[in-house]
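Since the structure comes first, as structure tokens, the remarks are kept for the end.
Chain naming here is simple, since letters A, B, ... match the order of the sequence lines and numbering starts at 1 in each.
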Amino acid sequence: MHLLRALRASSSALRRSHRLISAFAFAVDQQIRCHPPIDSAVPWNKLLRDHIAGSRPGLALALYRLMRALSPVLPNSYTLPLALRAAPSWRLASAVHAHAIHLGLHSHPDVAGQVLAAYARLGRAVEARRVFDALPVRRSTLSWNTLISACSIGCDHDAAWAAFARMVAAGACPDAVTWTTLLSAHARCGRHPEALRLFGDMHRSGCEGNAEAVAVALSACPYAGGPALARGRSIHAYGFVKGVVHGYLFVTNSLVCMYGKLGEMEAAEKVFWDAGTKKNAVTWNALITSYAAAGLCGEMLGVLARMEQFGGIVAPNVVSWSAVIGGFASSGDMEQALQLFRQMQQQWLLPNVVTLATVLSACTELLALRLGQEVHGHTIKAALDRHSLVQNGLVNMYGKCGRVTAARKVFDRMKSRDLISWNSMIGSYGTHGLCDEALAMFQDLTGALVEPDGVTFVAVLSACSHTGRVTEGRHLFNQMVREHKISPTMEHYTCMVDLLGRAGLLKDASELIETMPMRPDLCVWGALLNSCRIHGDAAVAEAAIAKVLQAETVTTGNHTLITNLYAAFGMWDDSKRVRVMTKEAGLKKNPGQSWIQVRNKVFAFTAGSMPSSEAEEILRVLDDLYAEMEDEKRAMYDAIANIV
DNA sequence: TTAGGGTTAG
């Protein structure tokens with residue numbers, strides 16, 4: 001059914017594009033043969049304008065190329081702004097800018113304005129500023145706003161703020177668009193509290209709150225910390241008073257999302273249904289996002305199905321699918337997330353970088369290497385394998401699934417690496433016991449002038465602890481605190497206790513626990529007790545157990561840990577005593593899960609249980625694995641026999 | 001005949 005629909009859609013798209021190309025060819029043919037555009041750029045400009053108005057920038061740009069190649073008429077001050085509007089990339093926009101300079105038209109107000117707009121649209125703040133500085137001194141509010149927008153799209157809130165300050169100093173008056181652009185620049189860069197402060201400043205400056213600014217402020221609420229819901233409600237009320245709530249789609253969408261993300265499902269649903277027919281795909285996606293935040297996976301699927309029922313009006317798009325896939329992944333149901341990814345592909349919907357990054361992260365959680373490799377194939381097919389978000393996902397996936405070399409290969413091919421790329425790669429070396437490589441990469445990171453964070457140090461410290469590098473570990477811990485001014489967290493202390501304990505320095509490990517500025521959690525105690533088990537130190541273990549029982553509330557985790565520890569020391573009576581205590585306290589351990597990958601499908605199961613439908617298949621694979629292992633064992637014995 | 005702001009998925 002879906003396939004049929006997809007085939008129909010693609011063939012009609014093909015027919016449309018055929019018609020479009022034929023019309024285009026005919027128009028150009030007419031242009032050149034019947035009305036040779038020898039003495040006028042006007043017909044060319046008209047065609048360009050028509051294509052842009054018809055949302056066909058690709059054809060407009062092709063026409064511009066054709067004009068430059070075939071026509072003796074040069075592009076004029078009308079042609080160049082049109083070509084700039086059609087330019088989809090920085091490379092093409094700068095090429096048209098170069099033509100303008102060549103033709104001596106770059107200072108023409110319309111051309112310069114459009115160059116500025118093109119650079120702003122493409123987030124090229126530095127180039128936009130250069131063009132802006134070359135504008136005549138009396139700059140319009142529009143030009144200032146375009147400059148600030150360039151900084152916003154380029155995700156540089158400091159530059160946006162500097163441009164705003166410069167605008168005020170120059171005596172220009174910021175309008176509603178200026179303020180909205182400025183607060184959006186902060187929201188885009190994750191500076192949500194500042195965005196909300198600016199919303200207040202905007203109001204105090206006498207600029208009345210408009211729908212656009214209200215939408216941005218609402219979207220910042222869930223991330224701004226503090227009394228988020230109270231703030232969201234008061235902005236909602238403010239918008240209501242200003243009359244920009246009902247009938248304003250962007251505000252509706254922001255409201256659904258704000259309430260949903262803050263756990264106010266009823267309020268989110270009310271805004272959604274109150275919107276009546278004034279809803280678009282974003283509104284529906286905002287509802288999916290709300291359900292995802294609440295962990296209501298069934299409801300997410302319900303919305304998706306409902307969108308499909310509408311057929312065409314608000315059909316699920318790549319964002320809808322990515323939101324549902326991400327919702328399942330964050331609820332822990334990776335199998336369903338991957339299943340939905342397949343379903344999405346069956347609908348002939350192309351995944352984008354967010355979808356692929358989400359799916360890669362699901363594969364990583366499941367350690368599903370083959371699926372991860374398959375997704376890698378999709379990234380290449382979609383020509384998105386050079387995108388940093390996808391590349392980070394690949395480094396992480398290969399690294400966690402044990403393919404360190406493949407992870408490194410992706411890492412080395414990256415054009416720009418952020419802290420996540422470095423942390424993934426260092427973490428990958430660390431978890432596979434390649435401490436030298438992890439430490440070398442840490443040196444490379446500092447050499448590349450990237451500032452490490454707490455995650456980086458967890459990665460290097462755990463690398464040290466896995467390989468007993470006590471001196472390096474101690475040095476790194478001090479370096480983190482003194483040079484990088486990072487306060488150690490529970491995770492860092494766990495790594496250090498593990499490092500010292502594994503190396504047999506149980507006294508040092510115990511002392512470190514004593515000096516911790518926070519109450520040690522179960523992981524810290526676990527690291528110490530595990531070291532006691534390795535080194536057979538019952539005395540330290542006994543003291544630690546007493547502290548755990550004294551300090552910790554009774555939980556399943558610490559009792560299981562202590563029970564196992566007593567058992568490891570052969571102290572069966574004590575082990576039994578704690579187990580009885582656990583039972584009496586009514587505690588039940590959540591069973592650990594395992595999984596197996598068969599033909600690109602991941603099956604999770606617990607000890608003693610087996611999904612009946614796939615049991616046969618799983619057992620067959622297990623048999624194969626056992627057989628393979630037996631072969632390996634035989635080969636090894638043969639090899640040993642030959643040596644001996 | 002021409003430039004600026006907004007919502008949803010990681």
Spacing of [X] atom [atom1] relative to [N] atom [atom2], expressed in whole Å:
X	N	atom1	atom2	result
A/L419	B/dG10	CG	P	20 Å
A/L360	B/dG10	CG	P	15 Å
A/L389	B/dA9	CG	P	14 Å
A/L218	B/dT7	CG	P	11 Å
A/W284	B/dA9	CH2	C1'	17 Å
A/L116	B/dT2	CG	C1'	13 Å
A/N253	B/dG5	CG	C1'	16 Å
A/R188	B/dA9	CZ	P	14 Å

Would you indicate what [X] reaches in the nucleic acid, counting non-hydrogen atoms under 4.0 angstrom: base, sugar-phosphate, or nothing?
X	answer
A/V354	base
A/S143	base
A/A112	nothing
A/D175	base
A/D110	base

Is any side-chain nitrogen or oxygen of [X] closer than 4.0 Å to OP1 or OP2 of [N]?
X	N	result
A/S149	B/dG5	yes
A/S184	B/dG6	yes
A/K279	B/dT8	no

*Taking all atoms of both residues into account, what is the closest heavy-atom pair of A/V256 and A/A268, and its distance?*
O-CB, 3.6 Å
*Strictly under 6.0 Å, is that where the ring centroids of A/F272 and A/W284 end up?*
yes
Identify which nucleotide among [options] has an atom closest to any side-chain atom of [X], counting heavy atoms from C-beta outward.
X	options	value
A/N285	B/dT8, B/dG10, B/dG6	B/dT8
A/V216	B/dG6, B/dA9, B/dG5	B/dG6
A/R49	B/dG5, B/dA9, B/dT2	B/dT2
A/S219	B/dT7, B/dA9, B/dT2	B/dT7

*Consider only side-chain N and O atoms of A/H99 and A/R68, and report whether a donor and an acceptor are under 3.5 Å apart.*
yes
*For the residue pair A/H51 and A/Y64, confirm or rule out a side-chain donor-acceptor distance under 3.5 Å.*
no
*With a 3.5 Å cut-off and just heavy-atom distances, do the side chain of A/N317 and the base of B/dA9 make a donor-acceptor pair?*
no
*asked:* For A/L349, is the CG atom crowded, meaning more than 12 foreign heavy atoms sit under 6.0 Å from it?
replied: yes
Taking distance alone, no hydrogens or angles, what donor-acceptor pairs closer than 3.5 Å link side-chain atoms of residues 379-391 of chain A to residues at least two apart or in another chain?
| unit_1 | atom_1 | unit_2 | atom_2 | d |
| --- | --- | --- | --- | --- |
| A/T379 | OG1 | A/H376 | O | 2.5 |
| A/H387 | ND1 | A/L389 | N | 3.1 |
| A/Q391 | NE2 | A/D385 | O | 3.3 |

_For the base of B/dT1 and the side-chain ring of A/Y78, does the geometry meet a stacking cutoff of under 5.5 Å between centres and under 30° between planes?_
yes
